[in-house]
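We number each residue from 1, following the sequence as shown.
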Amino acid sequence: MTTPRASSRQRRRAADAFSIEELRQRSAKVLPKGIFDFYDGGSEDESTLKENREQFSRYRFIPKYLCNVAEIDTGTDLLGTQASLPIAISPTGAIGYGWPRGEIAIARAARDAGVPYTLPTSSTCSIERLAHAVPDGRLWFQAYMLRKRDFTLGLIDKAKKAGYEALIITVDMPTGGKRERDMRNEFGLPFRFTAKNVLDFATHPGWVARLLRHGMPVLENMVGFVPDNISTSAIASSVGKNYDPAFCWDDLALIRDRWPGRLLIKGLLHPGDAQRAKQQGFDGIIISNHGGRQLDGAVGTLEALRAIRRAVGAEMHLLLDGGVRRGADIIKAIALGANAVMIGRPVLYGVSVAGQAGVERTLFLLNDELTRTMRLCGAANIGEITPELLGLHTI
Ligand SMILES: Cc1cc2nc3c(=O)[nH]c(=O)nc-3n(C[C@H](O)[C@H](O)[C@H](O)COP(=O)(O)O)c2cc1C
């Protein structure tokens, strides 16, 4: 089984969305509430989730006119390889609940748009299956350090064998965040049918029909993690519960020695941590607060970005995620020191609405807005996006 094609109705639903927010609203209609909230929500009061959006509106453009902006070049260097857009796709787990084997749909859309896709450990498609389905994509793999370290190291070896370009180690999850929407909806991993969620599903017959046709999603990378191979969703829970809270900087050396390709660390917000990552030989840092799903009250990523860029200097590759919903957000992040951004939920919204066609719509909208806003600002290429565009002399 690969990933189903969207029906013409589903494609129309995606094509009719003129912003990421409209795709979000459509995905809220097509998904059971429990699943939409699992994708959309953050932890506790969701203050970091909100801050990730609000931070962008604190910066305003001071455009320059009468520059030649007839040709706009959005291409940029991403970890030593040219990407068509300054975008990579963040790892998001359990995508199969939104679209069967949605990872394949997303990776194909990413390939066609010329940007990398990151497969998470808790994906519903295995490392090997994705590499086989999208051999010509730029594939990155994301790992958490689990208590059973050999299991994580085994996954890393599989990604190396399957030819993944980059490895991302996520470090902002020494324990799971408290996501109250999931608690309220009784949407948990392990997934259990309850009176509440059965009612929720019953009002989304299209989603149920898809589930019946394609089966319950399986966290394929985790098969074998639980010795007696209990239900798929029970395996899912073991990812969070088995994260190793004792994992620390010295342990990262183990991974650097094991992974010959590009190595990134995800989830840093502190400038001192970023300096340490640089010293330890990481090729890049992803400034992230896990999309507001972990530490509620954590600083917005744009603010963290400025401090980290100052701390690590101009050469270190910095990516940022959290709240990027407009082309203008991408420009602001680059002006404040990012090499590129990553996106999580915008892709989940797109894939839930129309599979690959929905993700194509997500990437089209961001590309279109990015190009338009660059032209309106007087920046013909990514190199011309500087702090001055936001009225700053320096980062
Ligand atoms: C449903 C969901 C699942 C996620 N799963 C993972 C994961 O497995 N590993 C990880 O490093 N980050 C995970 N993240 C965080 C994303 O990689 C990313 O940091 C975040 O979504 C960025 O914010 P945005 O959604 O506002 O773009 C997840 C995010 C969401 C929304």
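Leu252 and Trp140 fall into different hydrophobic clusters, where Ile, Leu, Val, Met, Phe, Trp and Tyr residues are linked whenever their side-chain heavy atoms come under 4.5 Å apart, directly or through other members. The hydrophobic clustering, which links ILVMFWY residues whose side-chain heavy atoms are closer than 4.5 Å, places Leu264 and Val324 apart. Residues Leu269 and Ile308 fall within the same hydrophobic cluster, defined by Ile, Leu, Val, Met, Phe, Trp and Tyr side chains chained together at heavy-atom separations under 4.5 Å. There is no path of hydrophobic side-chain contacts, each under 4.5 Å, that joins Ile89 to Ile286. In the hydrophobic clustering of ILVMFWY residues, with side-chain heavy atoms under 4.5 Å counting as a link, Met183 and Leu49 come out apart.
A side-chain donor-acceptor contact under 3.5 Å links Gln10 and Ser7. A donor-acceptor pair shorter than 3.5 Å can be found between the side chains of Thr301 and Gln55. A donor-acceptor contact closer than 3.5 angstrom links the side chains of Asn339 and Arg309. Side-chain contact annotation: Thr371 with Asn367, donor-acceptor N/O pair under 3.5 Å present.
Contact annotation: the side chain of Arg310 never approaches that of Pro271 to less than 4.5 Å [non-hydrogen atoms, C-beta and beyond]. Looking at heavy atoms from C-beta onward, Ser352 lies out of side-chain contact with Arg26 at the 4.5 angstrom threshold. Contact annotation: the side chain of Asp45 never approaches that of Lys50 to less than 4.5 Å [non-hydrogen atoms, C-beta and beyond]. Using a 4.5 Å heavy-atom cutoff, the side chains of Tyr349 and Glu22 are not in contact. Taking 4.5 Å as the limit, every side-chain heavy atom of Gln279 sits out of range of all side-chain heavy atoms of Trp249. At least one side-chain heavy atom of Ser123 sits less than 4.5 Å from a side-chain heavy atom of Asn221. Side-chain contact between Thr118 and Lys266 is absent, with no heavy-atom pair separated by less than 4.5 Å. Taking the side chain as every heavy atom from C-beta outward, Asp200 and Lys196 never approach each other to under 4.5 Å.
Considering Ile104, Leu348, Val351 as possible partners of Trp99, the one that fulfils the side chain to side chain contact (heavy atoms under 4.5 Å, CB included) test is Val351. Shown are Ile287, Leu318, Val171; of these, the side chain to side chain contact (heavy atoms under 4.5 Å, CB included) with Leu268 is made only by Val171.
Open room surrounds CZ on Arg372; 12 or fewer heavy atoms of other groups in view lie less than 6.0 Å from it. Within 6.0 Å of atom CD in Glu388, 12 or fewer heavy atoms from other residues, nucleotides or ligands are found, so the atom counts as exposed in its surroundings. Shown here is Arg147, whose CZ atom has more than 12 heavy atoms of other residues, nucleotides or ligands within 6.0 Å.
Residues in residues 82-93 take part in these side-chain hydrogen bond (donor to acceptor under 3.5 Å, both in side chains) pairs, two or more places apart or across chains: Ser90-Asp321.
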Please determine whether salt bridge (charged side-chain N to carboxylate O under 4.0 Å, His left out) holds for the pair Arg24 and Glu21, giving the CA-CA distance in whole Å, both sets of side-chain angles, and the decisive distance to 0.1 Å. CA-CA 5 Å; Arg24 174 179 177 271; Glu21 174 54 27; 3.2 Å; yes
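What you find for Arg181 and Asp37 is that their closest heavy atoms are NH1-OD1, 2.9 Å.
Rounded to the nearest 0.5 Å, atoms OG (Ser122) and CD1 (Ile95) are 8.5 Å apart.
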